Every structure is written in C-alpha cells, then in structure tokens.
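Bear in mind the structure is a predicted one, so any value in this text is a computation, not a measurement.
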Amino acid sequence: MRPWIPGAALALALSPLAVIHPVRVSGRSMEPNLANGRLRWVLRAWVIPPPRRGEVWLVEGPHGSSVKRVLGLPGETLTWQGPDLWIDGRRIDEPWVVHPERGGEGHQICNRGYLVLGDNRPESQDGRQWGPLPRTAMRGRIL
C-alpha cells in the first residue's frame, strides 16, 4: 500500500480552482445587475464554448480586467444611436440595460473580435471606446 501523499490531496482539493475561480466586481458599469464589490464565480474560458450574445464575461481590456456583457460577435457590425443598439441593421432588445446612454452615436465592425459593453452605459468604459476584443482577452464566463 502506498503512503498517503499530502501534496496529492492538496492538489485534488484545489483542482476545481483550475476551472472555476472567484472574482470581485469592481465599479458601477454593470449595475444594477452586478453591484460594485459583489463576489461572483468565473468559469474559465478554456473549458467552455466561445462567448454568446448576452453572456457576462470577465475580460482583459486595455486598462485591466473587468466584467462586461458580450454583444457583438465576430463578423458583425454594431451601431448605436442614443439608447438603441443595432446589430447588422436589426435593433436588439436589451432587457438588462436599466441606465441606457441617452446621447452619442457609434459604429464598430467586430471582424474576428467580440464587442463587450457594460449594462450601465453612462458609467461604463467598454467596447465603445476600446473596440472589439480578441478571443484571447475573454478570460471566463460569469456564473
């Protein structure tokens, strides 16, 4: 019989952290759905399919990690005019947006990236400023 190996037991106990890990929401960009300081679990990107529209993901943006909602998928064209978001010429319904952006217009072509936006548009630094993010910037889906 083999002796019990404490290192192996520790590795087994910590193995779920390789797939799921905690993250604390920072900032007001996802309010009221995800409040500042709230702890959430992230399912790492390498164990799940590519992002789908409407999912909330932990992303690595130009200013560090943040939590945002995936709206634009590779190959799509997004246009926004005030509170309305259009994808490939069709207006989409966004029931999660409680605080829409009242002014402003923009246009993004996703090519091979994903356009991510905060739910609280007036308080969010997101894909409207950064542009689309590559798949490698998508760290994991918020559970």
Should the heavy atoms of other residues, nucleotides or ligands under 6.0 Å from CZ of Arg52 be counted, would the total exceed 12?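 Open.
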
Passes side-chain contact (heavy atoms from CB on, under 4.5 Å), Asn120 versus Glu123? Steps please. CA-CA 6 Å; Asn120 184 0; Glu123 297 290 329; 3.4 Å; yes

Non-hydrogen atoms of [X] and [Y] that approach each other most closely:
{"X": "Pro100", "Y": "Pro83", "result": "CB-CB, 3.7 Å"}
{"X": "Leu115", "Y": "Gln108", "result": "CD1-CG, 4.1 Å"}
{"X": "Met138", "Y": "Pro51", "result": "CE-CG, 3.8 Å"}
{"X": "Ile109", "Y": "Pro132", "result": "O-CG, 3.5 Å"}
{"X": "Leu34", "Y": "Val56", "result": "CD1-CG1, 3.9 Å"}
{"X": "Asp119", "Y": "Val97", "result": "O-CG1, 3.6 Å"}

Using a 6.0 Å distance limit plus a 45 degree cone around the ring axis, check whether Arg69 lies over the aromatic ring of Trp57.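 Cation-pi check for Arg69 and Trp57: fails.
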
Under 3.5 Å, is there a donor-acceptor pair between the side chain of Asp88 and the main chain of Thr77?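 Flag set: sc Asp88 to bb Thr77 pair under 3.5 Å.
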
For the [atom1] atom of [X] and the [atom2] atom of [Y], what is their distance to the nearest 0.5 Å?
{"X": "Gln125", "Y": "Leu117", "atom1": "CD", "atom2": "CG", "value": "11.5 Å"}
{"X": "Asn33", "Y": "Ile142", "atom1": "CG", "atom2": "CD1", "value": "12.5 Å"}
{"X": "Arg141", "Y": "Arg40", "atom1": "CZ", "atom2": "CZ", "value": "11.0 Å"}
{"X": "Ile87", "Y": "Trp80", "atom1": "CD1", "atom2": "CH2", "value": "11.0 Å"}
{"X": "His107", "Y": "Arg128", "atom1": "NE2", "atom2": "CZ", "value": "16.0 Å"}

With a 4.5 Å cut-off on side-chain heavy atoms, are [Y] and [X] touching?
{"X": "Trp130", "Y": "Lys68", "result": "yes"}
{"X": "Val67", "Y": "Val59", "result": "no"}
{"X": "Leu71", "Y": "Leu85", "result": "yes"}
{"X": "His21", "Y": "Arg44", "result": "yes"}
{"X": "Val19", "Y": "Leu43", "result": "yes"}
{"X": "Trp96", "Y": "Met30", "result": "no"}
{"X": "Arg112", "Y": "Pro134", "result": "no"}

With salt bridge (charged side-chain N to carboxylate O under 4.0 Å, His left out) as the test, would you mind laying out the steps for Arg121 and Glu94 before giving the verdict? CA-CA 12 Å; Arg121 302 284 159 77; Glu94 296 182 276; 2.5 Å; yes

Check the hydrophobic clustering (I, L, V, M, F, W, Y; side-chain heavy atoms under 4.5 Å; chains of links allowed) and say if [X] and [Y] are grouped together.
{"X": "Leu39", "Y": "Trp41", "answer": "no"}
{"X": "Ile48", "Y": "Val116", "answer": "yes"}
{"X": "Val42", "Y": "Val25", "answer": "yes"}

Classify the side-chain pair Glu60/Ser65 by whether it contains a donor and acceptor separated by less than 3.5 Å.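 Yes, because at least one side-chain N or O of Glu60 sits under 3.5 Å from a partner of the opposite role on Ser65.
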
Between Leu78 and Cys110, is a side-chain contact (heavy atoms from CB on, under 4.5 Å) present by the stated rule, with each step listed? CA-CA 8 Å; Leu78 283 79; Cys110 291; 3.7 Å; yes

Report the C-alpha separation of Tyr114 and Leu73 in whole Å, then their side-chain angles, then the decisive distance to 0.1 Å, and conclude whether the side-chain contact (heavy atoms from CB on, under 4.5 Å) test is met. CA-CA 5 Å; Tyr114 295 86; Leu73 303 176; 3.9 Å; yes

